[in-house]
Amino acid sequence: MDSPPPRRRALFGYEPPPSASDGGPLSVTELAQRARRFLEGEFASVAVKGEITDVSRSQRGHIYFTLKDANSQIPAVLWEGAARSLDFQLQNGLEVVARGNLTLYAPRGRFQFICQKITPAGEGLLEAKFRALTAEYEAKGWFDESLKKPLPFLPRVIGIVTSPTGAAIHDILETLLRRHPRASVLLAPAKVQGVGASEDIARAIRLLDGRDDVEVLIVGRGGGSLEDLWAFNEPAVVEAIRRARTPVISAVGHEVDVTLADRVADVRALTPTRAGEVVVPELEALIDGVRILRDRLDREVTGLLRNASLTLDALGRSWALREPRRMVQRASERVKELRAALTRSLEGTHRRLEERLRRLDRIPSGRLLLARLVRARQEVAGLRREMDGAMRRNLEGARADLERLGPLLESLSPLAVLQRGYSITRTKDDGRILRSSNEAAPGDEIVTLLADGEIVSRVEES
Amino acid sequence: MAKKVDLSFEEKLKKLEDIVESLENGELALEKAVDRYQKGVRLHAELQADLDRMEKRVRMLTEEGREVEFEGAADEDDDQ
Amino acid sequence: MAKKVDLSFEEKLKKLEDIVESLENGELALEKAVDRYQKGVRLHAELQADLDRMEKRVRMLTEEGREVEFEGAADEDDDQ
Amino acid sequence: MAKKVDLSFEEKLKKLEDIVESLENGELALEKAVDRYQKGVRLHAELQADLDRMEKRVRMLTEEGREVEFEGAADEDDDQ
Amino acid sequence: MAKKVDLSFEEKLKKLEDIVESLENGELALEKAVDRYQKGVRLHAELQADLDRMEKRVRMLTEEGREVEFEGAADEDDDQ
Amino acid sequence: MAKKVDLSFEEKLKKLEDIVESLENGELALEKAVDRYQKGVRLHAELQADLDRMEKRVRMLTEEGREVEFEGAADEDDDQ
Amino acid sequence: MAKKVDLSFEEKLKKLEDIVESLENGELALEKAVDRYQKGVRLHAELQADLDRMEKRVRMLTEEGREVEFEGAADEDDDQ
């Protein structure tokens, strides 16, 4: 806020306060009374210009507030009586000219400005009315953000309420159609200035709002003075905007101009040109966007299907599914091997046993045993031969002995002489050899040995 | 207000974007993805149709409530 | 063959993958392997059919969309 | 011959292998060996029958699988 | 001859081998040797008969096995 | 003559050998020698008879064995 | 005369030899010599008879054995 440099002198003065009596120290009360008297005497009736702040209303209806400028502030009060006759609302930030007197409120040691009369500073009736209306609609909550309707993304028909001949319609259309060459616009012409303008604007708003095809409204005009723009502060317009079902874009004046229409509208465009920008998306970008979305869509679904197809193909190509016989074949080969091994192994066992048995085939031939029998037989026969021989030799030895002794005996026979005619006579009873005739008596039997035998005789005489 | 039983262009666009995004996330089951795709195609067609259906018209309501071509902006069109 | 209608493509695919993996591991008993194989072949056929159906559907939808596009946005066609 | 219906192919195969091994060890008494051999021959016949049955089944399934494949992915056929 | 039904082939074979060995050692009394020989002959005959019987059995089993094989895997037959 | 049935072939042979030896020694009284001889002759006869008996038995068994052999292992016969 | 029946052949032979020796000495009285001689002749005759008897017996026994031999081992005879 570009307020002028503070005029301190005007507010406080630089005159030093009257000095206390030169005697002893004053009591606080004494000092306060003396200060009050001084203030009330010095500032019995002054006008002060400042900004209102810290407004509060007591139960009795007094209004307490603070007057301030950039550097200083003074507490002030407007008694209930004066407050009742106020034709505008005291609200914070309001620049006012207050007329009244200054006093000291001893219990607090604070001085206070007692307002007798207060008027808005430097503004006319319109400003005050604007403030009053602003306050009123604010109190009603019509400006609340929560009430703001969103703008349609792509309105079928854009309703415009403005003067068909003003700069605004030109600016709006230019921007709008540049962005969206196929936009559909319905202009409801209205007086935007002067007597009956607000009603005209309100009527046009209601007219467009009543149509099904209009999806957004632009209400506005070009810049101007407060008076020029005043129709947009009128309750008729504010209420028409507020009550419209269709979202409303306000585009009134220039950036610095704020009307109630701006505040109540769903979207405030700083200028009519801006309104042309916010009301529609760029058609080309839109088409591109839609096409890109479609492309992405196609690409994605194609990709998904291709991936699925590839996965499925890969699975289909896996040997597990493609050559299932392999799993059976492996088993089949194993079974065949086992079959061969089975036969082989048993044949092996059989052959081994057969060989073992064949080695034992000597048994049935009995050769061994027969040979042994032959040997035994030979042995037996040999023994027999030996035995026979030995026996024969025994007998032969005996015979040889006998045959040797026979002739020997014979040769030694004392009877050999008998061959030559000698004989030997012996007694028969005792065999005694008779050497003398008297050895035998008649009657004795005698045996005469001759060469070839014996003769037995009886002795006749001797 | 029941006039927009069919979704607005913006809603359809948003839906299409959601569909594309969900497809791009790659977390959808294939059948669901195809369903979505179908929905997407339909939405795309509608959006396309919506855009196609649009036609530049600048009109003005007369005091009698008639619609007349608004000449005031006709010349602006040529510049574009 | 249509017994598991409620299984999604992905679930079936997962099943098929599991089957193929188990078959390739070669650790299954032969009879079980043959059973699995049968299941696998059936699943593969089902999946193929599913995929074909979906592909056909997508193809039709793709055509559909493009036609609409041709109709309405003939000039856009060159960029594509 | 169908007495051990509940044995799996592998179990039978294992049995047959054990039989062959025990026969190859040559430590079995001949009579036992012949009994084993008989058992082995029976097992072998069973295994063969099992294999044939499974092979037939697999062949049928393979045909089935191929048909489905050809049907659905006729254009893929050239790569294969 | 069927007195020692409970002896296995191998046991009989062992016995026979012992007999042969003892006969070959020549340390047996002749009569004992003849007795042994008789025993040996009988054992040999039994063994031979056992072996023949078993061979016949194995041959039958083998035939049986082959038939099964021929039946089920007719195309495999060339490799055999 | 049947008094020493319990003597084995070998014992009898030994006796015979003893007899032969004692006869060859020539130390026996002749009559004793003759007695021994007689004994020897008897032993010889017995041994002879034993041998005959055993041989006959072996030969019979051999025939028997051959027959069994011919029956069961006819082809083995050539090696013998 | 039969008093010395219990004398063995050898004893008798000894006696005969003694007789011969005593006769050779020539110192014997005739009677004694004749007696001896006579005794010698008798002994000789006895011995002769004994020997004949024994020889006959042996011959008989030998024959006996041979016959047995011929009977039982007729074929073995050729090898001998």
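To find a chain, count down the sequence lines: A is the first, B the second, and so on, and within it residues start at 1.
- Within 6.0 Å of the CZ atom in A/R274, the count of heavy atoms belonging to other residues, nucleotides or ligands does not exceed 12.
- Atom NZ of A/K149 is surrounded by more than 12 heavy atoms from other residues, nucleotides or ligands within 6.0 Å.
- Enclosure of atom CD in D/E11 by more than 12 non-hydrogen atoms of other residues, nucleotides or ligands within 6.0 angstrom is indicated.
- With rounding to the nearest 0.5 Å, the separation of CG in A/L338 from CD in D/E17 is 5.0 Å.
- To the nearest 0.5 Å, atom OG of residue A/S332 and atom CD of residue D/Q48 are 5.5 Å apart.
- From D/Q38, atom CD reaches atom CG of A/L342 across 11.0 Å, with rounding to the nearest 0.5 Å.
- Scored by the salt bridge (Lys or Arg N to Asp or Glu O under 4.0 Å) test, D/R53 finds D/D50 as partners (sequence neighbours excluded).
- Atom NZ of D/K32 has 12 or fewer neighbouring heavy atoms from other residues, nucleotides or ligands inside a 6.0 Å radius.
- A distance of 13.5 Å separates NZ in A/K336 from CG in D/L47, rounded to the nearest 0.5 Å.
- Residues D/V20 and A/E337 fail the side-chain proximity criterion, which asks for heavy atoms closer than 4.5 Å.
- The CG atom of D/L51 lies 10.5 Å from the CD atom of A/E333; values are rounded to the nearest 0.5 Å.
- Residue D/L23 holds its CG atom at 11.5 Å from CZ of A/R344, rounded to the nearest 0.5 Å.
- Taking all atoms of both residues into account, the shortest heavy-atom contact from A/V335 to D/F9 is CG2-CZ, 3.8 Å.
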